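Bear in mind that the values here come from a model prediction, so they are computed numbers and not experimental data.
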Amino acid sequence: MPRYADIVLPLAQPAYTFALPEGVTVAGGEAVAVQFGRRRIYTGIVWRVHDRRPDFRTVKSVSRVLYGGMRLLSPEQMALWEWIASYYMCSLGEVMRVALPALMKPSGDTEEEFSDDEFRPRTECYVSLAAELRDEGRFHEICEKIERRAPKQYEALLELAAAGDETRIATGEVARRLLRADHAVLDALRRKKYVVCTRRERSVERGGAVFRLPELTAHQQTALESLRGQFAAGKTTALLQGVTGSGKTEIYIHLIAEVLARGGDVLLLVPEIALTAQLIERMERIFGSRVTPYHSKLTPRRRTETFLRLGRSEGGEFVVGARSAIFLPLKRLQLVVVDEEHDASYKQSDPAPRYNARDCAVVTARLFGGRTLLGSATPSLETWLNARSGKYGRAVLGERYGGARPPEVLISDTLRAARRGERHAHFNKLLLDRIGETLARGGQAMLFQNRRGFSPYVECTECGWTARCPHCNVTLTYHKGGEKLVCHYCGHTEGVPAKCPSCRVTDVVPVGFGTEKIEEEVARIFPGARVARLDRDSVTSERAFNAIVADFAARRTDILVGTQMITKGFDFEGVSLVGILNADNLLNNPDFRAAERAFQLMTQVAGRAGRRSEPGEVVIQTSEPGHPVIRQVASGDYEAMALAQLAEREAFFYPPYARLTALTLRHRDPMLLRRGVLELAARLRARFGRRVLGPMAPPVDRIRGEYLVGLLLKVESSASSARAREILAEELKSFSRQAEYKSVTVVVNVDPQ
DNA sequence: AGCACGCCGACT
DNA sequence: GTCGGCGTGCTC
């Protein structure tokens with residue numbers, strides 16, 4: 001009987017059907033090499049094996065089976081891929097692109113090109129004590145012998161012997177890279193036959209049976225028990241809401257340890273690399289080498305090793321990773337923890353699949369019959385409402401760790417300060433006074449400005465000309481380092497003109513302000529202070545990031561100026577003052593989530609002030625001191641914010657009461673684009689009525705020489721979202737089939753941030 | 001995604 | 001007269 005396999009290729013295309021040659025057996029979830037097109041060879045994932053002959057003229061055969069026929073994807077992972085493809089309206093191939101590490105999906109024009117790229121595991125040196133030294137008496141004897149003459153070697157022996165269960169893998173070996181002893185010392189020990197070195201494929205085994213669990217406070221204990229109870233009673237998803245410093249992490253740790261002890265797998269999702277590194281370290285202190293990190297800063301090889309190792313694992317795995325870790329091939333997933341679940345970086349906005357890892361976590365856990373814990377100090381309104389309505393379980397941690405008091409929030413009126421002549425540069429007198437006092441006391445301050453660069457743009461003082469990108473409809477951002485103007489959309493860079501190119505009269509000057517400008521000003525006003533900056537421009541690498549953070553933690557800097565980056569989970573003991581330079585640009589974002597975001601951001605920044613020992617101070621500079629969100633931040637009243645915002649969302653029919661799908665149409669000819677969007681809007685209105693909004697011009701309506709226009713679909717949360725997507729897919733298909741609009745690109749973003 | 005096919009501008 | 005630009009459509 002002829003057999004066929006539907007193969008998913010890493011393309012924005014549906015699966016293709018290939019024949020299975022005589023004697024070749026494959027099953028769903030395995031990887032194969034196939035020839036696609038004239039000569040290109042791709043890695044594909046077998047989705048389904050069947051014997052229905054497709055009605056194409058030529059049916060090509062699968063070239064060979066990869067990874068020795070190992071099943072790369074569990075049935076649950078395949079179900080997740082399918083859910084994502086259907087929910088986010090993309091192809092399985094697009095899911096494949098993010099789900100598999102790059103090295104695992106080689107492609108090439110020739111067989112050599114293809115297989116040369118194929119992953120080969122790297123080896124690593126493992127060290128263990130010689131058999132002789134396993135005997136305690138003999139060990140001490142030798143230690144005594146070398147202690148004086150070779151202190152380094154003695155140290156190394158002790159280190160090796162003392163390496164806890166968490167670094168030692170099952171065979172009693174320790175990876176050399178985990179030892180402090182250097183090459184020469186280990187070599188000497190090896191020559192003396194005190195230690196044995198073996199080279200093997202790295203990180204195949206994971207050790208670590210002993211976890212050092214933190215003690216819980218009474219509040220934490222109550223919350224933990226409550227969550228356990230709710231999970232046991234059948235709630236699949238729960239929210240753990242706890243203010244900054246209340247110790248959510250300790251609760252995660254206890255739940256994680258319980259699952260690992262049962263042999264189940266755990267996935268801990270964290271927003272992004274900045275936070276990832278810190279949390280991974282923290283988890284390694286507890287769980288040792290049980291922790292498997294997975295984030296964008298890993299090398300392609302590491303990612304592949306991790307993927308394959310997990311695929312072969314029998315359970316008891318603990319992965320800490322960023323959003324794409326949701327795709328790792330865990331087989332006994334029992335718990336997914338999503339830390340800072342409200343964080344926007346869980347949603348991938350470009351390219352497809354435009355998935356939200358937090359929502360995928362909930363789906364995945366359900367597929368495995370596992371549980372999801374969503375943690376946040378300031379939950380997204382979607383999650384909060386789900387918890388409130390009883391759809392999700394819920395536990396609240398009200399108190400800061402060790403009874404520390406919340407920071408005192410001072411609201412400083414920018415307009416009033418300006419009227420009184422109490423505004424210098426971008427600082428009100430109040431903030432400057434507090435910074436001065438803080439420095440005098442030897443304390444540290446953090447200043448938050450939600451904007452990168454020296455200042456956003458340059459302007460001619462005479463005629464108002466501003467530098468704009470020739471390819472995108474945006475002003476160019478001014479970066480002082482190098483006197484450059486940069487487009488944040490396409491990367492176009494040019495120099496700052498000496499004279500205004502328009503009126504040729506005067507110089508152009510920087511307008512507005514970003515972190516770089518603030519850094520400069522604060523350094524000028526407080527010449528004695530050591531100032532550093534943390535934003536995407538100053539952080540060129542993980543190393544640079546760590547250096548800036550380490551300097552601040554060690555109090556080698558006094559003031560840290562930064563963007564969002566400084567809001568994320570740092571525990572700096574010395575920070576007693578936090579300044580928010582401009583709350584207005586947070587509040588006035590033209591986005592239905594602006595108020596929620598502003599609250600989350602300001603609350604998070606404020607949480608950086610004053611840990612443990614003394615309460616901190618927060619100064620918020622704003623021209624709207626009476627704004628409800630400012631008041632809610634000042635009083636730390638999340639619920640007031642949530643209730644007020646939910647009322648607005650309900651009134652204006654926004655999430656969580658409606659589901660949004662954003663459509664963006666793109667074309668280089670603006671007239672054709674205009675006709676196209678009107679046509680599509682009309683078609684959609686015929687099906688969805690007033691649920692269709694637009695056409696609307698997006699904030700940036702031209703990128704890389706292409707024009708953009710948006711449509712927004714709002715469907716009641718109570719309605720069937722599957723049906724809505726079905727109708728939308730139908731209409732998009734028939735729209736794109738029209739000859740005139742074939743060249744118009746339509747991007748679908750389900751649940752846009 | 002890659003690649004071939006096909007129709008309009010600057011070169012030997 | 002051709003070489004080559006990239007716009008369009010197809011790949012099991």
* To do: Determine the contact category for D6(A): base if any of its heavy atoms lies under 4.0 Å from a base atom, sugar-phosphate if only primed atoms, P, OP1 or OP2 are that close, otherwise nothing.
  => nothing
* Asked: Quick one: which of R725(A), R687(A), R683(A) gives a salt bridge (Lys or Arg N to Asp or Glu O under 4.0 Å) with E730(A)?
  -> R687(A)
* Contacts of F307(A) that satisfy ring-ring contact (aromatic ring centres under 6.0 Å, His included) - sequence neighbours left out -> none
* Structure fact -> Residues at least two apart in sequence or cross-chain that pass side-chain hydrogen bond (donor to acceptor under 3.5 Å, both in side chains) with T661(A), listed by chain then number, are none
* With sequence neighbours left out, what residues match F688(A) under ring-ring contact (aromatic ring centres under 6.0 Å, His included)? -> none
* Asked: Where does the chain A footprint on DNA chain B start and end, counting 5' to 3' with a 4.0 Å heavy-atom cut-off?
  -> dA1(B) to dA4(B)
* Non-neighbouring partners of R39(A) that pass side-chain hydrogen bond (donor to acceptor under 3.5 Å, both in side chains), sequence neighbours left out -> none
* Counterpart residues, side-chain contact (heavy atoms from CB on, under 4.5 Å), relative to A79(A) (two or more places apart) -> L367(A)
* Structure fact -> So the side-chain hydrogen bond (donor to acceptor under 3.5 Å, both in side chains) pairs with at least one residue in residues 318-332 of chain A (sequence neighbours excluded) are R323(A)-Q348(A)
Considering only nitrogen or oxygen atoms on both sides, find all protein atoms under 3.5 Å from nucleotides 5-12 of chain C and state each distance.
unit_1, atom_1, unit_2, atom_2, d
dT11(C), O4, Q13(A), NE2, 3.1
dC12(C), OP1, G37(A), N, 3.3
dC12(C), OP2, K60(A), NZ, 2.8
dC12(C), O3', T17(A), O, 3.1
dC12(C), O3', K60(A), N, 2.8
dC12(C), O2, T17(A), N, 2.7

* **ring-ring contact (aromatic ring centres under 6.0 Å, His included) partners of W83(A), counting only residues at least two apart** => Y87(A), Y88(A)
